[in-house]
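Any value given below was found using the heavy atoms of this structure, including those in side chains, with hydrogens, waters and symmetry copies removed. Chain letters run A, B, ... following the sequence lines, proteins first, then strands; residues in each count from 1.
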Amino acid sequence: MIYVKNLEDEVYLQAYRQSLANRGGDSALLDQAIEMNLLRKKRTQELETKKAEQKKASEQIGSKKKKGEDASSEMAAVQKLKEEIKGLEESFEEAKNSLDSILLQLPNKVHESVPVGKSDADNRVERTVGEKPSFAFAAKAHHEIAEAMGIVDFERASKVAGARFSFLLHWGAKLERALMNFMLDLHTDEHGYKEVIPPYLVNTESMYGTGQFPKFQEDVFHIKNFPFYLIPTAEAPMTNYYRDEMLNEEDLPQRFAAYSSCFRSEAGSYGKDTKGLIRQHQFEKVELMTFVHPDKSYEEHDRLTQNAEEVLKRLELHYRVSTLCTGDISFGAAKCYDIEVWLPGENAYREISSCSNFEDFQARRINTRFRPKGGGKPQYVHTLNGSGLAIGRTVIAVIENYQQEDGSIRVPKVLQKYLGTEILK
RNA sequence: GGAGAGGUGGCAGAGCGGUUGAAUGCACCGGUCUUGAAAACCGGCAGGCCUUCGCGGGUCUCGUGAGUUCGAAUCUCACCCUCUCCGCCA
């Protein structure tokens, strides 16, 4: 009963219904939730009345016994009450559980500024930064270049692990490591994030906390015989960092730059992006995650997105930023910007970061609140996260945008100190 | 893996079957005193849910879940987590 703000606030519900419709769904589940909530309240009252009776009777028995009086008739009466309570408890649990499972399936309400639309074609491009590079030769795809250089090996990876895995070798591995260091240095030294390496395995509760479960169980790897899941993103451990905690207002904002490997089953994307490093079961990512005061979350959303963009700016890569429309935005997000980098080998823009404001959607699930400064009721924090950036895809972007006719790769200026060279060959 | 100890409010820490949602201290908020601050003193101060226009009332929560009992933070069982010692291991 904590997953949706208020099932009795008509103004809120009206906006929420509109949001559900804009997402391409209907209000059937919501209507069920409202109905179930009424039932839950009714059951609560019935149950609590009986329990109050029982409690009083017990107290009487206590005081009678203390005085050495006989209390056997009262005890018999309580026995009867207990039976009734047991039955009421069952129907209360039933109502509560079905309400909970309905609420877990309801997506976040989208922000007013989110464009209404059906698919990614309706996303709104906010800005385009930099220029597409021009080549005096036909630009190649990253995997052609990398395989020719011998810095990636897909064949042996499929023997050793399977499809959608790779060995990065020599400059391939070093480029990845350089990018990881560059991103973390930028976000920690200049943008004020705290560097983190989180657990790569998390428990079931954590998957519910981020909103990954119950809807997207198929997308993550489960460890057989253990209650652990491989994280699909550092968002999973980081969002749960303050689970069930009460923060002070002065503790906000909290900003983390978490480096981790990410693991995704990619179920349902068979045949999509099978070539190259674009869609792997395992990839590296620097995730930006912040916990902020509810009044500050939209300001923070823009800040976080700019922090992610800064990586591309310094790498001098061309990209664009779009606001995802209601039909394309994810289940838990209230608003989301996608950053897409230009890939000349593919002649297309590709998502390299997704920056979301969840408002209190995740905070309600993880039960993370803060105490307002001058006292008053605890409030839910707002959570945000965004890739800053997906390292594997940044490797691709660097290879394709900095490729040379002779098959070598120029090194972006900001990476030269990390790689100790101006050219990879 | 073996042996022990423990998980209580924002924090620390008592309580170990009966009006205990919980002593005390710290933190926090309000007040007295002070030119101001500190100190001292006085008072307040957990959260969720239901109910009430409001005062308030009810109920649940002392790691989690089941159980014993008229009644459980206190007893029993299972599980989870933390710590100490031994063994093994990067």
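Atom CD of A:E205 is separated from atom P of B:C81 by 10 Å (rounded to the nearest Å). Atom CG of A:D244 is separated from atom P of B:U64 by 10 Å (rounded to the nearest Å). In this structure, A:E46 atom CD and B:U51 atom P are separated by 13 Å, rounded to whole Å. Here the P atom of nucleotide B:C11 and the CZ atom of A:R371 are 9 Å apart, to the nearest Å.
Under the Watson-Crick and G-U wobble criteria, each requiring two contacts below 3.5 Å, nucleotide B:G43 is paired to B:C29. Across every strand in view, B:C55 sits unpaired, with no contact that passes the Watson-Crick or G-U test at under 3.5 angstrom. Across every strand in view, B:G36 sits unpaired, with no contact that passes the Watson-Crick or G-U test at under 3.5 angstrom. For B:G87, there is no paired base (Watson-Crick or G-U wobble, both distances below 3.5 Å). For B:G21, there is no paired nucleotide, since no Watson-Crick or G-U wobble pair has both relevant distances below 3.5 Å. Nucleotide B:U82 has B:A5 as its partner under the Watson-Crick or G-U criteria, with both atom distances under 3.5 Å. When both pairing distances are held under 3.5 Å, B:C77 makes a Watson-Crick or G-U pair with B:G65. The base-pairing partner of B:G71, taking Watson-Crick or G-U wobble contacts with both distances under 3.5 Å, does not exist among the strands shown.
Residue contacts for A:A57: at a heavy-atom cut-off of 4.0 Å it reaches no nucleic acid atom on any strand shown. Counting non-hydrogen atoms under 4.0 angstrom, A:Q54 reaches the backbone sugars and phosphates but no base.
Between A:R371 and A:D251, no side-chain nitrogen of the basic residue sits less than 4.0 Å from a carboxylate oxygen of the acidic one, so the salt-bridge criterion is not met.
Listed for the A:Q18 side chain is no donor-acceptor partner under 3.5 Å among the backbone atoms of A:Q14.
Relative orientation of the A:F331 and A:F361 rings is perpendicular, given thresholds of 30° and 60° on the angle between their planes. The aromatic rings of A:F165 and A:H281 sit tilted relative to each other, their planes meeting at an angle between 30° and 60°.
The listed nucleotides are B:U59, B:G10, B:U51; the one nearest the side chain of A:K51 is B:U59. Checking B:C50, B:G48, B:U59 against the side-chain heavy atoms of A:K55 singles out B:U59 as nearest. The A:K82 side chain lies nearest to B:U69 when the options are B:G58, B:U69, B:U51. Of the candidates B:C50, B:G47, B:C70, the closest approach to any side-chain atom of A:P378 belongs to B:G47. Closest approach to the A:K41 side chain among B:G58, B:C50, B:C70 is made by B:C50 (side chain taken as heavy atoms from C-beta onward). Each of B:C70, B:G48, B:G58 was ranked by its minimum atom distance to the side chain of A:A52; first place goes to B:G58.
For A:Q45 and B:U51, the shortest distance from a side-chain N or O to OP1 or OP2 is below 4.0 Å.
Between A:R369 and A:E8, the one whose closest nucleotide on RNA chain B sits nearer the 5' end is A:R369.
Residues A:Y298 and A:H382 place their aromatic rings such that the two centres sit no closer than 6.0 Å.
In this structure the side chain of A:D338 never reaches within 4.5 angstrom of the side chain of A:N123, judged on heavy atoms.
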